[in-house]
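In what follows, chains carry the letters A, B, and so on, assigned in the order in which the sequence lines appear, proteins first and then strands, with residues in each chain numbered from 1.
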Amino acid sequence: MLQYIFRRILIAIPVLFGVTILNFFIINLAPGNPVDMMVNPSATPEQLAMQKHALGLDQPVWSQYLHWLVQLFHGNLGFSYSTREPVTQILASHIGPTVLLMGVSLIVGYLIAIPLGIVCARKQNSWIDYLVTGFSFFGISVPHFFLGLGVIYVFASKLLLFPTGSMNTLGGDGSLMDTINHLVLPVAVLATGIAGNMVRYVRSSMLDVLGKDYLRTAKAKGLSQFIITNKHALRNSLIPIITVIGIDIPMLIGGAIVTEQVFQWPGLGLLTIQSITSRDYSTLMAINLLAAVTVLVANLLTDILYAVADPRIRYD
Amino acid sequence: MGELLKVDKIKTQFQTEKGPVTSVDEVSFDLKEGETICLVGESGCGKSVTSLSIMHLLDRNGSVTEGSILFEGKDLAKATEADMRKIRGNNISMIFQEPMTSLNPVLTIGDQLTEGIRLHMKYSKTEARKYAIDMLKKVGIPRAEGIIEEYPHKLSGGMRQRVMIAMALSCRPKLLIADEPTTALDVTIQAQILNLMKKLREESNTAIILITHDLGVVAEMADKVAVMYAGQVVEETDVYTLFDNPKHPYTLGLMKSIPHITNPDDMRLDSIPGSVPSVHNMPKGCRFYDRCPHAMKRCLEEKPLLKPIEDKQSHSIRCFLYEKEEQDYENKKLAEKEVSS
Amino acid sequence: MPLSEQEKPLLQVKNLKKYYPIKKGVISRTVGYVKAVDDVSFDIYPGETVGLVGESGCGKSTTGRSLVRLEDPTAGQVIFQGKDLAKISNKEMRKLRTELQIIFQDPYSSLNPRKRIGDLLAEPLIAHKLATRSEADKKVNEILEIVGLSKQYKNRYPHEFSGGQRQRIGIARALMLHPKLIICDEPVSALDVSIQAQVLNLLKDLQKELKLTYVFIAHGLGAVKYISDRICVMYLGRVMEFATTKEIFEHPLHPYTEILLNAYPIPNPHMRDRKQIVVEGDVPSPANPPKGCVFHTRCPFAKDICKEKIPTLTGKGHTVACHFPLESVNV
Amino acid sequence: MAMNLNPNKNVPETEGLKSSEQILLQLGEEESYLHMVMRRFLKHKLAVAGLIVFGLIILIAALAPVISPHDPNKIFGEFEAAPSATHILGTDPVGRDVMSRLIYGAQVSIAVGIGAVAIYVALGIVLGLVAGYFGKWVDMLIMRLTDIFMSFPYFMVILVLVSIIGPSLFNITFVIGLLGWPAIARLVRGSVLSIKEMDYVKAGVALGYSTPKILFQHILPNALAPILVNATFGVASAIIMEASLSFLGMGVRPPAASWGNMLTQAESITVLSSQPWLWIPPGLMILLAVLSINFIGDGLRDAIESQNAK
Amino acid sequence: MNRQKSISKRILKYVITSFMALSLVLLAACGGGSSSSSGSSKGKDTIYLGMVNPPSGFNPINTSDIAGQFAIRVMLDSFLDMTSPLKFQPKLATSIDTTDNQTYTIHLNPKAKWTDGKPVTADDVIFTFNLIANPKSTVAVGSNISTLEGLDANGKLTGGKTSIPDLKKIDEHTVSFKTKTPVDPNYIKEMIGTKIITMPQHVLKDIAPADFANSKYAQAPNVTNGPYKFVTYNKNTYIQYKANNSYYLGKPKTPKFFIKIMQAPNLLSELQAGTIQANASGGIGNLPFQDVDTAKKLKNVTTEIHPQIGFQTMEYNTKTLPNPKIRQAIAYAIDRPQIVDKLLKGNGEIIDGPYTSQSPYLDKSTNVIKYDPKKAKQMLKDAGWDFNKTLNFVVPIGNKVREQSADIIVQNFKAIGVKVKETTYDFPTIMQKGAAGDFDLLLIGFTFNIDPDVSALYGPNGAYNFMKYENPKATKLIADGKSQPDSAKRKAIYSQLQSIWEKDMPVLTLYSDNEVVVKSKDLAYGGASSYWPGTVADFQKWAYKK
């Protein structure tokens, strides 16, 4: 198993290189230049040239890439073109909020979706099945920003139950309660989508498993429906569910751009948009790289979880 | 030997997109303790549905709508789910055709074996485990102590079927339903499994309903045979009578159409023309009408009934050709009755 | 059909091997092989039917498919009309394919579900530019009649047919190009018993009418006996015994053949108490076949030499790969 | 043997049928494929409703110049006017008729939805077929490329790319189209790999058919069903994508009307609470469009999958 | 069948109820912890100021954006503050005086000291000036000192020198410098007095000028002299400060100070919720006009509306539109009253030229061009305009009102039959397109100083003169204006310039939007002032009511 993980990481490396290359060149396609953005417009061309030189922007693209890559190996993601802060520092301060937001949303979403999905599969075509299916379609279809605006209108603006945005009360006591309070609305929005999607997979995967021969065997043994569903069927339907979780995990980094914007959540999504508007290439590159790494890690994690859930899969 | 099971004119229907469909109709047979009956027929003839009907293992859209299934005097057709749970695995157990898919891939052999033992025999965990290992040894699994910790995918098809058999027999059921237990196996393995079943049958005096399409297996295993066609039993008798003196045109056709290694070299096979009618399009009269060499006008219109005929053994046939024999039998019965009364 | 020595074989298989690599590691290093077919040789003469039998995993299907180059052999030759099929170009092979056809086991997956029967049957002729559309249509009508189907079925899709009918369509498709040799890859295994006879009889009749040569692959000995002139018994990718049907059934020389014949249940309840040799254990994995004679792990007569030395196929007419053929044991 | 190295992207699909259904299916049903899919689809009430609604939206988009009450860019004297007889849904902060903009917004959604999906389905099919049929290094190359593409968080990359090449209707369609292919390519490749092993393809080889003939006449038609389902859901997600981009100001730029950029105006408490006509109608239109397509997709999948299982 | 029919209906119903249920579950999960958010009565030890634009950085000498300058001024003092146009108030300097309008003396407040306890001295001032003038340093305030002797137009030393000649330390707290020619003292007071931020020499002396921009200090000044000390900056979210209790102008009344960065639409709800007490002025914290009425109705805040010095323009490319008649005709075609009355809800003014009503230099005698599309069309015809020509109309994104005004302008063009193609770009791209002359019409906004020098826009080499406008007469007047030390004479010169620009019409001022200043009634002192630089004058006094 360890060997397998090692091998997977080895395979991921060329992919990661591809990702950085693509990433770098895409971003360098951009017209406009960070130097134009950061320097006083009255600056002379010489000053601009000096500035570009200082940032290495006068080098050919491939040499810039190599430079960036070398720095990367030294754990240095460069400096923000706009504020000169080290990018690592900027990322560090924005990862937490996003991971918190998406993590809670995923957990809440799953906690809602998995039991509901099982119930739906067990009681196929019952009123609860229709209700939950309706909910799941709503969840996957409603745009986050529209739902976000809706809940802000109802819960923040009309009922004044929750704050409209940000993660903490600034200068507040920084208590958990305060954070939870700020989490409720964005999590409700995100979890609706996550649960909507997950319910469908749990339901269909469960339905699929419920039709399998070995469940008939279990039933033929005289086992109760509860044990059949929760011991025999659930473990088997975990495998497709793991796939969906594996696809969901990268959302921890890049999944909440719109929601963060609507709720002004101080995370990576907001950072992305602000970096785009300020053409902060080094930060954008770092975010993209981080997101790609997350995808690769999630893939690996999924594979490992597969092996845990399904004894038939053994990586050797 | 007391009567264990009496299936009387059961009818099983499925609700489908196109309305209700009758899969099994007027199926009757009975079985004594320790006796083996073979249900034989082609795919779609309703033999599996019959066995699933007995166990209440039909899918949600299927149910027994008519008839009775008396097991030790209790009508299973009317039993509740809770009643059935007590019977399944305990009094009646079942093995299936595909040993590959009949075992839960994510649970160990031991897990799957002991759960029934603990449920029905109320054994403790360690007792159940010990007993499970004994059972595995009994069905001829080498290294039973090791195998019990394994997952099913590590075993070969034959081994899995042995595990299934161990599982089915672990609670000493009175009746074992084996649905094509060897169809998916290679012949040499089939021979092993059939031998095992014979041996265990002798040891435990368990009655068996064996479902198969292979007349060879029937000849090896059965005490009694019920030949099914298109959801109905068309001929029922003991195994020797059936092979020595088959009567129903379908049974006859079947026997003549199977190529066998003991057939003489230049014998040409007889084939039954046409194919099994669709459930949506059952003939009104005899269901074998389209394919029967002896079809009469009457067969098109009128439904033949499964009736005993005058013969050496108890022998029932669903065919108008034997009306005379049937009549004879009835007369004789009547006469006997008159005599006895 | 008696074997005539003078006749030239239609197809010769020489030392055919088909290994599938087992890959592992980052760069997909090959760490071993599944030896699906290992050193198989035999000849097929015009007009005869050769049966290939054996249990699952014995390589009979792989052998069959190699004969029409659906598999590229790892080693060895398949010589058809003087040409080694493994060596000729794709273009040349495409031409030869009109002479070599195959019928598949599963009548559900061997017909393209999106094509009407008429198109399906006409397609080979048109693809090989052997006929125009209307000529092909006429031919389709003829063939359908030959295999016992109404030409009205031409506009139907495969799923509208029963298994037996589909198998007839599969046969019809193989016949469209007038092949000399047809590989029948378990053509009746998936069919109901009452339908099997129809298809077997059809194959027999067609052979007579069209002077066809068959390779008939099956795991059911009954069907093989019914249709074959000669039988090749395979086990774990190797030929165990090759002889005429009569010889195989009456004087099997290889213990495996004997055991195989014995394992078949006999449809006669009076014979149920006969003495039976039942081999224990399972067929070993072809990825890791036993050394020496591949059957030695299950052979009741195995001696030390069987564990060491691979027996060669010996004998004239009736060949067997065994260190201790049955007669010598009995004697 | 090593497992497929990337099994995780294959979203689970239901397979197999319950035994009784199998029994029934074996008994045979005489119907043509299309007819069967149609019949099953039409039984799915929500899918039919979705089809009707989506059809209406397409109709609205097509007939926008005819049915729109006003020029969507015309500025009227009243800014942010409440709904009235002349302006059924009021006017926006620049004094334009909201109803007319809503109607023209349908054009954008439909164009992006269908355009982007058409681009990536075409790309995906070609790459997937090539990878699946030829295998070896071609497959290796294409699959690594999909790995790379799929390692990017989809929305984030689209956002960055669009911001780089400049937000416009054409550009977002192009970018979504350019980035969407890997999922289709994998799907097609997977289908090809399994169909390639089907006996009817082997039969095609045995009959001496040429490779393109086998690829396009025998393999592709049988791989189309899942592509169709995937593409349908893809249209829905492309519409959401466009709306989100436009909402963030990185999509269709005003004055061109898009449902997403109309909602940008709602990021104000005043609009949210006292000018509902400015944000609820475009939001509902997006929801309606996406919901209807998702229903269609679901119906299609149900109809096709139960058929495929046969 | 019946069952099937009602499914859709059911689903609709269930969707709503289930979603409500979900929300309730979540509500319950957080245990009614909602009280903390809605109450405005938090601890009175913190003041929150709402800002829309994130600061580009905290480099005291290289921050050109107002947001950055604003943020720096919380922790670092300028010599003087300008609380309202041309009204100066001492800060770090008790005064800046001159006798000949050429030699200026800065008298530092002797009590001023750095947060590390060291006094602020003349050496610090000289160090700062020399660092700005050093050719290797990257600065935004170079032009502010470009009038000094020995410096070029960019305020840089030439010829390898590293110190400004004539920049002299008189004593520990007095510095003098000399300009090339006599200049208006108000110019010096504004451009140097309020814009140059003195930095601690003892902390920074070892940093090479070229590295200063990347130094720690330039990102987060740790030794400062202002009322508050920098604590942390959470990028694009907030800046946190704490009181500098030994501040030389008095201990700040409120211990903690936050600048909260948010989107403009959120200002109102935050003000309503009491999570910010005021918005920033100077175009970086403006409340959207559509929220003004709602804001006025709020009970816990006061709302004021002021004119400001910033303005929005449409630049003409004089290379592609060389005929001033056509440029004027276009000015007649733009419905500026509609933009101001409807789009800005009346919160703005229409002016021609770079001076708003806040500027003492605005010449009120010239008439503003009236909206007259007929006249515009006629003028175009007379000037021989080719109505098939399509104008390339370039609009930057980022200012929503400006984007919306562009939509109106496009319609205005349509009304007179002129074809335009509107394209939008982000700001960096606009700067490129502008510099490259890749446009016919370009929207862009400016906020200059009170000092009337607008050569950056109208001057032949002006950084924002994307119009490539050059009129020798105007050029000369601009130079005269800059070097004229007498205020009254300067005003006359700039009046003359305004009439020339009106005729030449190189750029049309569209409007100057008012600033909406909202502050909490809880504040005893503080909040934005009507002239934005006044806002940063005395943060130490900001306090809640007792």
Visitor: Before giving the answer on side chain to side chain contact (heavy atoms under 4.5 Å, CB included), spell out for C/V68 and D/K202 the whole-Å C-alpha distance, their side-chain angles and the decisive distance to 0.1 Å.
Guide: CA-CA 10 Å; C/V68 287; D/K202 301 259 171 196; over 6 Å; no
Visitor: Drop me the distance from C/S109's OG to D/E197's CD, to the nearest 0.5 angstrom.
Guide: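 So the gap between those two atoms works out to 11.0 Å.
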Visitor: Within the side chain of C/H128, is there an N or O that forms a donor-acceptor pair under 3.5 Å with the backbone of D/L207?
Guide: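 Yes, the answer is positive, given that a donor and an acceptor are paired below the 3.5 Å cut-off.
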Visitor: For D/F41, does the CZ atom sit with more than 12 other heavy atoms under 6.0 Å from it, leaving out its own atoms?
Guide: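 Atom CZ in D/F41 is crowded, with more than 12 foreign heavy atoms closer than 6.0 Å.
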Visitor: Does C/R65 pair with D/D199 as a salt bridge, N-O distance under 4.0 Å?
Guide: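 Yes, C/R65 and D/D199 are salt-bridged.
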Visitor: Return yes when atom NZ of C/K151 has more than 12 non-hydrogen atoms of other residues, nucleotides or ligands closer than 6.0 Å, and no otherwise.
Guide: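 No.
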Visitor: C/R114 versus D/L224: any side-chain heavy-atom pair under 4.5 Å?
Guide: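 Not touching, per the 4.5 Å side-chain cut-off.
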Visitor: In the structure I gave you, are the side-chain heavy atoms of C/K115 and D/H218 within less than 4.5 Å of one another anywhere?
Guide: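 The answer is yes, as the side chains (C-beta and beyond) meet within the 4.5 Å cut-off.
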Visitor: Taking every heavy-atom pair that is under 4.5 Å apart, which of C/L111, C/L177, C/I102 has the most such pairs with chain D?
Guide: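 Most heavy-atom pairs within the cutoff with chain D belong to C/L111.
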Visitor: Determine whether D/Y200 and C/P158 make a side-chain contact, defined as any pair of heavy atoms from C-beta on separated by less than 4.5 Å.
Guide: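 Counting from C-beta outward, D/Y200 and C/P158 never come under 4.5 Å.
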Visitor: If you take all heavy atoms of D/Y209 and C/R94, which pair is closest and at what distance?
Guide: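 Where D/Y209 meets C/R94 most closely, the heavy atoms are O-NE, 4.0 Å.
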Visitor: Taking every non-hydrogen pair under 4.5 Å, which of C/L96, C/I183, C/N112 racks up the most with chain D?
Guide: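 Highest number of pairs under 4.5 Å: C/N112.
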Visitor: Heavy atoms only: give me the nearest D/A203-C/R173 pair and the separation to one decimal.
Guide: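 Heavy atoms of D/A203 and C/R173 come nearest at CB-NH2, 3.2 Å.
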Visitor: Using every non-hydrogen atom in the two residues, find where D/K213 and C/A127 come nearest and quote the distance to one decimal.
Guide: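 Shortest heavy-atom contact: CE-CB, 4.1 Å.
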Visitor: Check C/L70 against D/A206 and note the closest heavy-atom contact, atom names and distance.
Guide: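 C/L70 and D/A206 have their closest heavy atoms at CD2-N, 4.1 Å.
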Visitor: At a heavy-atom distance under 4.5 Å, which candidate from C/E123, C/Q105, C/M176 has the highest pair count against chain D?
Guide: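 That would be C/E123.
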